[in-house]
Amino acid sequence: DTGVSQDPRHKITKRGQNVTFRCDPISEHNRLYWYRQTLGQGPEFLTYFQNEAQLEKSRLLSDRFSAERPKGSFSTLEIQRTEQGDSAMYLCASSQKTSGNTGELFFGEGSRLTVL
Amino acid sequence: KNEVEQSPQNLTAQEGEFITINCSYSVGISALHWLQQHPGGGIVSLFMLSSGKKKHGRLIATINIQEKHSSLHITASHPRDSAVYICAVLLMDSNYQLIWGAGTKLIIKP
């Protein structure tokens with residue numbers, strides 16, 4: 001399977017615990033995006049990388065959230081001291097930047113977080 | 001008023017019917033995405049358009065840049081097409097700012 005893969009698919013944790021999600025983009029894609037989607041809402045932008053550089057970070061991303069893409073390939077999204085409001089689907093997408101626009105986005109299946 | 005509006009919000013049809021979902025936007029864009037999301041599942045990219053028309057299997061997507069309108073058509077609809085269809089636009093001069101429509105929930109009955 002050469003699509004975008006995310007791990008784990010589901011995570012249940014207690015409030016206050018740390019969680020980490022991993023995203024493996026399509027191998028030749030230089031851009032990687034994280035979105036968050038809560039029930040009944042559209043996805044909200046969190047952050048994006050071009051290669052290993054984090055170029056933009058949403059104000060939605062509090063200090064408890066951090067994302068990395070150390071070698072410009074896979075990315076991790078860590079949430080520290082989770083709160084119940086963090087419960088959501090965390091979506092990763094990748095694209096290959098072409099001149100003029102971002103290229104078609106390819107999404108992973110998402111990682112669903114439930115904070116008890 | 002939302003910058004990206006989809007219609008209808010909900011659509012129920014019989015298997016075999018021709019389906020049209022509409023997306024209107026009020027901002028300058030560099031591209032428009034049509035995406036599909038199954039209940040509890042991830043998002044699948046169907047099309048990215050910046051002009052004209054694209055076809056993939058039974059799916060057709062069109063965009064009219066002057067009228068700021070796009071349509072997604074499904075021919076010979078099938079129950080497995082049941083999903084939420086989302087229109088998202090990439091803001092002009094932005095690398096990441098996607099504005100999402102609220103989605104259209106499609107149910108195809110056998």
Quiz item: Has A:E52 got more than 12 heavy atoms of other residues, nucleotides or ligands less than 6.0 Å from its CD?
Solution: yes
Exercise. Check the surroundings of atom CG in A:L116: do more than 12 heavy atoms from other residues, nucleotides or ligands lie under 6.0 Å from it?
Key: yes
Exercise. Assess whether side-chain contact (heavy atoms from CB on, under 4.5 Å) is satisfied between A:F107 and B:V44, documenting all intermediate values.
Key: CA-CA 6 Å; A:F107 282 85; B:V44 175; over 6 Å; no
Quiz item: For B:L46, is it the side chain, the backbone, both or neither that has a heavy atom under 4.5 Å from a heavy atom of chain A?
Solution: backbone
Quiz prompt | Side chain proximity check, A:F45 to B:W100, heavy atoms < 4.5 angstrom | solution = no
Quiz item: Can you find a pair of side-chain heavy atoms, one from A:L105 and one from B:H33, that are under 4.5 Å apart?
Solution: yes
Quiz item: Taking it one step at a time, do A:Y35 and B:L98 satisfy side-chain contact (heavy atoms from CB on, under 4.5 Å)?
Solution: CA-CA 10 Å; A:Y35 293 88; B:L98 278 172; 3.1 Å; yes
Exercise. Would you indicate whether A:R15, at its atom CZ, is surrounded by more than 12 heavy atoms from other residues, nucleotides or ligands within a distance under 6.0 Å?
Key: no
Exercise. Count the heavy-atom pairs under 4.5 Å between each of A:Q37, A:M89, A:R9 and chain B, then report the option with the highest count.
Key: A:Q37
Exercise. Taking atom NZ of B:K68 as the centre, report whether more than 12 heavy atoms of other residues, nucleotides or ligands fall under 6.0 Å from it.
Key: yes
Quiz prompt | Side-chain (B:S45) to main-chain (A:F106) donor-acceptor, under 3.5 angstrom | solution = no
Quiz item: Within a radius of less than 6.0 Å around CD of A:E28, do more than 12 heavy atoms belonging to other residues, nucleotides or ligands occur?
Solution: yes
Exercise. Assess whether atom CD of A:E68 is packed by more than 12 heavy atoms of other residues, nucleotides or ligands within 6.0 Å.
Key: no
Quiz item: How far does SG of A:C92 sit from CD1 of B:I43, to the nearest 0.5 angstrom?
Solution: 11.5 Å
